[in-house]
Novice: 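After the structure tokens below, expect a handful of questions from me.
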2 protein chains.
Amino acid sequence: MGDDLDIVSLTPARGRGFRATSFDVAEEAGVSQSTVSRALAGDPVVSEATRLRVAEAARRLNYQVDRNAARLRTGKTGTLAVVVICRPGQDRKDVNPFTFALLGSTCAAASARGFETLVSFQSESFNGLYQEQRKADGLIVLGSTENLAGWDYFRERAQSGDHIVCWGSPHDGLDWVRSDNREGARLATRHLIEQGFTRIACISSETSPQRQFAERYQGYAEAMAQAGLAPRLAPFEEGLAREEQGQRAVAHLVSSGKPFDAVFAVCDQIALGALGELRARGFAVPAQVGLVGFDGIRDGAYSTPPLSTVEPDFQAAGTMLVDRLFAAIAGSDCDKRRVPVSLLPRGSSVRK
Amino acid sequence: MGDDLDIVSLTPARGRGFRATSFDVAEEAGVSQSTVSRALAGDPVVSEATRLRVAEAARRLNYQVDRNAARLRTGKTGTLAVVVICRPGQDRKDVNPFTFALLGSTCAAASARGFETLVSFQSESFNGLYQEQRKADGLIVLGSTENLAGWDYFRERAQSGDHIVCWGSPHDGLDWVRSDNREGARLATRHLIEQGFTRIACISSETSPQRQFAERYQGYAEAMAQAGLAPRLAPFEEGLAREEQGQRAVAHLVSSGKPFDAVFAVCDQIALGALGELRARGFAVPAQVGLVGFDGIRDGAYSTPPLSTVEPDFQAAGTMLVDRLFAAIAGSDCDKRRVPVSLLPRGSSVRK
DNA sequence: CTGAAAGCGCTTACAG
DNA sequence: CTGAAAGCGCTTACAG
């Protein structure tokens, strides 16, 4: 098996497949193996001269610590698991772009704290035994609220003592981080009022498992009341695609005969469906009807007119998920769970 | 430190923080530790009766194999690393939705083969020492072609012998998977010709580091030649945002004075910029000017009119990346590297 | 078919 | 400040 003719080999024993251990580095640096470990870990007890000698030897041998051995010894993984719950049968490209953005900022936040992220997309058979198999120190769960089986599974894991923080769970009993939905809805509604709209309907649902929809309706209703206006719920039907929910809600609004001059939709995809239906029915947006959505997904920027929306601070969202998880792991407190939001006024609501 | 009053403890020695090892399971099942290991690994040499007894004992003790110990022993990680190269300073929510979709299908493909995926987003300081630290058996790199420093870094890692397969590299010297760009461009161009367009310009670049842009221009030129039509390159300027590149390319087309009746843009974001500019200049799309993009990102579905595009089979893309990486790891061959594409005709090119 | 034993490559008390 | 030694929890020849 030996590759004795290998030109790049340092010594006959260190050919191409050679992988240095801390013992090899120790020999190369003329110190003990334990000193190598301390030196490379940055233990301040090691003298500067020794540290340099070890670092140099490690560099020469291309040495890297075997993380599996280190983890076995310390019991810490330096890794967080992130599970994205999808709908059964859903293509990965149809995952909500909001979820992808959140995944990206979550990985970035973990990385900023020196943690790796073990990511998986799960839709039917769930597996959250990361701590049990010592693959990760904790778990962040994101994704489709509709997949109740998934949320049930992870709630059970949390009850078994796993460290879990989530975004989008319909359940209590899972530690969560969410957008400041009430504030966002108030911002959107006040903005429409400032633009001169008064008969503002809100496309939402009182029965959706999505907590944020109820919170957004609440914020809308508060802002309306504060302005002395009557709130009006335009309910969407469960079980349809979001766009279709928006279309149908607008159809009902129109056929009700009761006039309206603006719509606040509790998510962007519903708003885009509503926008299509409004335009199909000949309403000028925003001249006749103003429209604001919620989530800040990219799709809205390309609609005609571009969709006004409320956007969470994605970076803060990732950071809060990770920090809350660290707090759960450490057994310490963490009071931040509401992600700040801001209004993105675009063409669908701004009347020049 | 002991939590002796713990009510749920099974025995005084197995309280809340207790974590069973294979030795505990062995004792519980009345076999040796090595038999536990074999039984749980599904080694067929173990008798069925023993296997059941061990499985039952493991269940009772809530035992899960410590993957770090297993990995240390076997030297295999069962993990693939996935690095998404971002632009420096780029917010994670602005990562190309195409890249996110690819990330999703890559993770899914790895998972379907029983592999975990260690995901990271890198933009400035790069780290690809996954194999060296025994964190993963190989690496898939995706992302922004523009970040040359990133691609340089990973090319160097590949030259050091790391197993790497990529999507989007401007370099040779990295094993790659790509869309069937020529075929996709031919489909788009033939489609425009079938719709009655003849003076079709292609927004592309001869100097872009993006290999796929050159391939797409080539497919366009072939289809034009085959129909006896003259190709026309509408070059975009480097260094601008994609949308702006599309806008300016259209502005130049118009101001050139030479008539055109359709545009094939080599990516959707350029196409969306072109669409905005066309409409701003009063061109009816598709009545006066037909338009097709490339990539199949979601944004195009919401434009007015919706953008026709060419979409790769994302699931196949993830599968090919993973299978090619496995082949590289195993040292075997793998000839599949071109992802099939299909035309998605939408409102921007279909004349009723 | 099963068991006793070695060893994967680290970190960390313990001793000096 | 450094070294010798134990041990993290597995898998896998080797022996029977």
Side-chain angles (χ1 to χ4, degrees), chain A residues 1 14 17-55 57-58 61-79 129-135 137, chain B residues 1 14 17-55 57-58 61-79 129-135 137:
Chain A
M1 293 285 193
R14 291 176 183 173
F18 173 73
R19 184 190 165 87
T21 70
S22 50
F23 285 91
D24 299 309
V25 177
E27 194 183 338
E28 179 85 10
V31 296
S32 75
Q33 182 269 340
S34 39
T35 295
V36 170
S37 178
R38 289 192 197 99
L40 296 177
D43 188 330
V45 86
V46 175
S47 78
E48 183 64 8
T50 305
R51 202 188 57 70
L52 279 174
R53 207 141 38 88
V54 170
L61 297 184
N62 251 318
Y63 173 75
Q64 294 285 334
V65 171
D66 182 325
R67 299 302 309 161
N68 296 309
R71 285 174 186 173
L72 174 58
R73 184 54 232 244
T74 63
K76 292 178 182 176
T77 68
T79 302
L129 301 175
Y130 294 97
Q131 283 175 245
E132 290 73 9
Q133 303 182 348
R134 287 236 165 99
K135 289 176 178 173
D137 300 333
Chain B
M1 291 285 191
R14 292 175 182 170
F18 171 74
R19 186 189 164 89
T21 70
S22 50
F23 286 92
D24 299 309
V25 177
E27 196 185 336
E28 180 84 10
V31 295
S32 75
Q33 182 269 340
S34 38
T35 295
V36 169
S37 179
R38 290 193 196 99
L40 296 178
D43 188 330
V45 86
V46 175
S47 76
E48 182 63 8
T50 305
R51 202 188 57 68
L52 279 174
R53 204 139 41 86
V54 170
L61 297 184
N62 250 316
Y63 172 76
Q64 294 285 333
V65 171
D66 183 324
R67 299 303 309 161
N68 296 308
R71 286 173 186 173
L72 174 57
R73 185 53 231 245
T74 63
K76 294 180 181 174
T77 68
T79 303
L129 302 175
Y130 293 97
Q131 283 176 244
E132 291 72 8
Q133 303 181 349
R134 287 236 164 98
K135 289 175 178 172
D137 301 330

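In the text below, chain A, chain B and the rest are named by the order of the sequence lines, each starting its count at 1.
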Novice: Output every pair passing salt bridge (Lys or Arg N to Asp or Glu O under 4.0 Å) with a member in residues 31-49 of chain B, not counting sequence neighbours, ordered by first then second residue.
Specialist: B/Glu48-B/Arg51
Novice: Touch check for A/Val46, heavy atoms < 4.0 angstrom, all strands: base, sugar-phosphate only, or nothing?
Specialist: sugar-phosphate
Novice: Return the OG1 to CG distance between B/Thr77 and B/Leu72, rounded to the nearest 0.5 Å.
Specialist: 13.0 Å
Novice: Of the listed nucleotides (D/dC1, C/dC1, C/dG3), which one gets closest to any side-chain atom of B/Thr35?
Specialist: C/dG3
Novice: Nearest 0.5 angstrom please: A/Gln131 CD to B/Gln64 CD, how far?
Specialist: 12.0 Å
Novice: Checking A/Asp137 now: which residues fulfil salt bridge (Lys or Arg N to Asp or Glu O under 4.0 Å) with it, not counting sequence neighbours?
Specialist: none
Novice: Starting from Watson-Crick (N1-N3 plus N6-O4 or O6-N4) and G-U wobble pairs under 3.5 Å, report the runs of at least three that DNA chain C belongs to.
Specialist: C:1-3 with D:14-16, C:5-12 with D:5-12, C:14-16 with D:1-3
Novice: How long is the line joining CG of A/Leu40 and P of C/dT12, in whole Å?
Specialist: 14 Å
Novice: Looking at CZ of B/Arg71 and OG1 of B/Thr79, how far apart are the two atoms once the value is rounded to the nearest 0.5 Å?
Specialist: 4.0 Å
Novice: For nucleotides 8-10 of chain C, which of its nitrogen or oxygen atoms have a protein nitrogen or oxygen under 3.5 Å away, and what is each distance?
Specialist:
{"from": "C/dG9", "atom 1": "N2", "to": "A/Ala69", "atom 2": "O", "distance (Å)": "3.4"}
{"from": "C/dC10", "atom 1": "OP1", "to": "A/Tyr63", "atom 2": "OH", "distance (Å)": "2.8"}
{"from": "C/dC10", "atom 1": "OP2", "to": "A/Ser22", "atom 2": "N", "distance (Å)": "3.0"}
{"from": "C/dC10", "atom 1": "OP2", "to": "A/Ser22", "atom 2": "OG", "distance (Å)": "2.7"}
{"from": "C/dC10", "atom 1": "O5'", "to": "A/Tyr63", "atom 2": "OH", "distance (Å)": "2.9"}

Novice: Rounded at 0.5 Å granularity, tell me how far NZ in A/Lys135 sits from OH in A/Tyr130.
Specialist: 6.5 Å
Novice: Can you sort out the partners of B/Val65 under side chain to side chain contact (heavy atoms under 4.5 Å, CB included), two or more places apart, ordered by chain and number?
Specialist: B/Tyr63, B/Arg67, B/Ala70
Novice: Nearest 0.5 Å please: distance from the CG atom of A/Leu129 over to the CG atom of B/Asn62.
Specialist: 9.0 Å
Novice: I'd like a list of close polar pairs between nucleotides 13-16 of chain C and the protein, N/O only, cut-off under 3.5 Å.
Specialist:
{"from": "C/dA13", "atom 1": "N6", "to": "A/Arg38", "atom 2": "NH2", "distance (Å)": "2.8"}

Novice: Which pair of non-hydrogen atoms, one from B/Val25 and one from B/Val54, has the smallest distance, and what is that distance?
Specialist: CG1-O, 4.0 Å
Novice: Got a second to check how far A/Arg73's CZ is from B/Asn68's CG, nearest 0.5 Å?
Specialist: 13.5 Å
